[in-house]
Structure formats: C-alpha cells, structure tokens
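What you see is a predicted model, and the numbers here were worked out from it, not measured in a lab.
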There are 2 protein chains.
Amino acid sequence: MFPMTQKESIRGLIARLARIDASESWSVDLNPAQRSALGYLRQANRFSRSPSHAAAYMGTTRGTATQTFKALIRKGYVSEERSLTDKRSISYDLTATGREVIAEQSVLELSLDRLSATQLGQIETGLRGALSHAIILNDQKPFGICRSCRHFEGRGAGGYCQLLSLALEPFEISQICHEQEPA
Amino acid sequence: MFPMTQKESIRGLIARLARIDASESWSVDLNPAQRSALGYLRQANRFSRSPSHAAAYMGTTRGTATQTFKALIRKGYVSEERSLTDKRSISYDLTATGREVIAEQSVLELSLDRLSATQLGQIETGLRGALSHAIILNDQKPFGICRSCRHFEGRGAGGYCQLLSLALEPFEISQICHEQEPA
DNA sequence: TGCAATAGTTTCGACTCGCTACTATCCATC
DNA sequence: GATGGATAGTAGCGAGTCGAAACTATTGCA
C-alpha cells in the first residue's frame, strides 16, 4: 500500500538507534547534548575546544553550547582554561573522570559487537559519506581530521600546519580541526 | 592520544545524522517525535495503530504518545477512530495531508542519494541487525513485519494470522505488527 | 580613534517528555 | 454474575532542553 523506500528505511533506522542511544545517556547523569559535547572534546585539537566551535560542530547555538559546558564543569567532567593571547576565548578539556565516563560502553556499541568486521567497515564508510554530503547541504563546516587538510604538511611522525604556521605533534594530526579544509 | 574505536565512530555518526535529520523536521511544523509517530503509522498494520503500541515502538510512554497524537490531530495529519469491539482503545490513521508531509524528501535522504545501491544495501542490513540486537538488550518488542512472523501462514497473494485467526490482505503482510514474533 | 566583528554569557519563553494519578473498560476467576 | 486486577487512554505537573535575542568584553580593521 505505502511501500517504504530503502532510504526511508535507513532514515528510520538511524532515528531509532539514535533514540535508544540517547535514552541511555541519562543513566550516567549525562544528557545527549552533554554526551556529544564530551565526545567532541575528545576528538578536537587544541585550537577547536571552544563553545563556538563545539556549537558549529554539533549544529546548535553558542548559547546552548555554553550551557552544556557549564553543566559539564559542575559535574567535573571538563576543565576550563582561558586563552592568554585572546582574552575573549576559552578552551575546555576533558578531566580524568570525563574520560572515564565517555569511554563507557553503550548498548549501541554492544549491539554493533554482533556484526562482522567487514559489516562495521561498510557501515562506517557509508554513513561517513552520507554525513559529509549532509553537512554540505546544511552549510556546516566539515571538521575533518588534520592529516587530510590542504594546509597539512607531513614532517616525520608529526606535521606542520601551513595555515597557522605551527608544528604539530604526532597525536595531533589525527584530531579534528575547525579550520580543516579537505585536500 | 585517545584513538576512537570503530564502534565509537559509528555511534557518533549515527548521533550526528540523527541530529541533522531531527533539526530539519521543524521546517515542516513537525517535531521529531511527531515525525516518527507519522512514520510509525505509515508502517503499522490495523491492529497496531494505538498510542500504547506506538509508545512501545518508539520507546516512550503512553502519556507522551497520546500528547503526540493529539497534536497531530490538531494539525490535521491523522484521524482518530474508536474501536467498536474494545471501547477503551483508539486507532489513529494518516490523513491525505499526513501522507504528503511524511513523503517529503529529507536532507538525510538526499545525502544517501550519493551512495551506491550496494552501499545502501549494506548499511540497511547492518543497521537493521544492530537495531534488533539493541532492541533485545532493551527488552523492547521487535515489531517485525507480518510476513516473517511465526503466526503467519501464506495463502495466495495474501495470508492468514494464526494468532488472531484472521485473513490478511496482500498489502498487510508487509506491514509491521505489535504481536509479531520472529519465525 | 572609532566602529564593526567576534567570543562568551545570560535570560526568557516555548516546548518536550517522563511521571503519577485518574477514569473507563475488559476479562478471568470464583 | 459479581468482583478484583489488568489494561487502554488521558490529564496535569515539573524538570529540563534548546533556540533566540540582548548584553558585555575584547579584538582588529579602517
């Protein structure tokens, strides 16, 4: 009568999985927005850990991002550090307990456990592709990883950012950056 | 420094895609809950279109489901019909405008357009598998499609439900049912 | 020096959603 | 048949989210 297209099915699956995942966050005294803010901080490089950048990444407003970070401070999951060069800006970082909380395994991850490695790989590349298209359609910034940026230049184990004229530690080149532009 | 596992990446991807999709629903005067309620009604068979069943499917409470349906009535997207046999129960159904609204293509679907048919197939089966595990872990009902139920019996183009002792129209056997138990 | 842009914050209001309590109805059991 | 418990839907409350807009402080450009 009203057959669902494959794309509609996938849309529904994503919504349901996201809902299951979101409902679980509450059990660790984190709401979904707070959880994804923690996840963002874990991935973001040192130039991208501000409310503005988090807001751009999560598709929300700076005001909401501020609220979220303040709540995370109260709970002791992140620490705040004011910039020395620009007195307007603030940088947040995960605390040790913050890292523990974010590392806890979710029902969603347990469910993914039952899939094969190839299936996981297929899902990841597929969803990643879809997300990058969606981000373009939504006029959002890509926040890709440093290593695959046009301003990146490899140097031994680490690298160099031509935009910021800065040397990069090895671990930094696989973090995400608000300035990133695909090569 | 803190490498993400593949499962963590997928979790993040699902959350981000869901957020993009959810934020879009507002542009058609539907909130995410209302949108997924409409989506549920489109798939559900005639025995499963009540607030209770929708609540079980969506992982929310009956109270919230009622609110959602009442809002959809106000907006003219669903119609209400009281049952003749059980005076407690109500059945909702999509109106013509409700069907139009739900059929509109989303940014998420547009993004999926850029993937190949094989990729779409892989994503769908993968996510479907993950969801069915997650549902078991969460003690929710599967709401699978009629045709693949242990009470289903094929009869020509249509079928027969051994649980309800009822003949089923051809289009009904691919709808989802709250009584469904995988064969 | 002044003016616009930017970073973060605050406040307000609309809205969601879960919880609890309540009514009506059904049904199983004595 | 009565009756007690389960089940369907609903109403109202309250905590909390989130976005919009206004506001302050700082920066940097002209």
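Looking at the side chain of B:Ser50, the nearest of the listed nucleotides C:dG8, C:dT25, D:dG9 is D:dG9. The side chain of B:Thr61 lies closest to C:dG18, out of C:dG18, D:dA8, D:dG16.
Across all strands, A:Ser52 comes closer than 4.0 Å only to sugar-phosphate atoms, never to a base (heavy-atom distances). Residue A:Thr60 is in sugar-phosphate contact alone, with no base atom involved, counting any heavy-atom pair closer than 4.0 Å across all strands shown. Here A:Arg19 lies in heavy-atom contact (under 4.0 Å) with sugar-phosphate atoms only. Counting non-hydrogen atoms under 4.0 angstrom, B:Ala33 reaches the backbone sugars and phosphates but no base. No contact: B:Arg82 has no heavy atom under 4.0 Å from any strand.
To the nearest angstrom, P of C:dG8 lies 13 Å from CD of A:Glu81. The separation between B:Gln67 atom CD and C:dT20 atom P is 15 Å, rounded to whole Å. Note: NZ (B:Lys70) to C1' (C:dC17) measures 18 Å, nearest angstrom. When rounded to the nearest whole Å, the span between OH of B:Tyr92 and P of D:dT10 equals 4 Å. When the P atom of D:dT17 is taken as reference, atom CZ of A:Phe69 falls 15 Å away, rounded to whole Å. Distance CD (B:Glu24) to P (D:dG19): 15 Å, rounded to an integer number of Å. The distance from atom CH2 of A:Trp26 to atom C1' of C:dT16 is 11 Å, rounded to the nearest whole Å. One interatomic measurement links the two molecules: CZ of A:Arg62 to P of D:dC18, which rounds to 17 Å at whole-angstrom precision.
Comparing A:Asn31 and B:Ser89 by the nucleotide of DNA chain D that holds the closest heavy atom to each, the one mapping nearer the 5' end is B:Ser89. Residues A:Thr85 and A:Pro32 both approach DNA chain D. Their nearest nucleotides, taken by heavy-atom distance, put A:Pro32 toward the 5′ side.
Checked by atom type and distance alone, the side chain of B:Arg16 never pairs as donor or acceptor with a backbone atom of A:Met58 at under 3.5 Å.
B:Ser52 and B:Ser50 share no donor-acceptor pair across their side chains, judged by distance under 3.5 Å alone.
Interface remark: the B:Arg88 side chain does not form any donor-acceptor pair with the D:dG9 base, using a distance-only criterion of under 3.5 Å. You won't find any donor-acceptor pair under 3.5 Å spanning the side chain of A:Thr66 and the base of C:dG8, going by distance alone.
The environment of A:Glu80 atom CD is dense: over 12 non-hydrogen atoms of other residues, nucleotides or ligands sit within 6.0 angstrom.
Rounding to the nearest 0.5 angstrom, the gap separating the CG atom in A:Asp21 from the CG atom in A:Leu108 is 5.0 Å. Here A:Thr95 contributes atom OG1 and A:Ile73 contributes atom CD1; the two are 9.5 Å apart, rounded to the nearest 0.5 Å.
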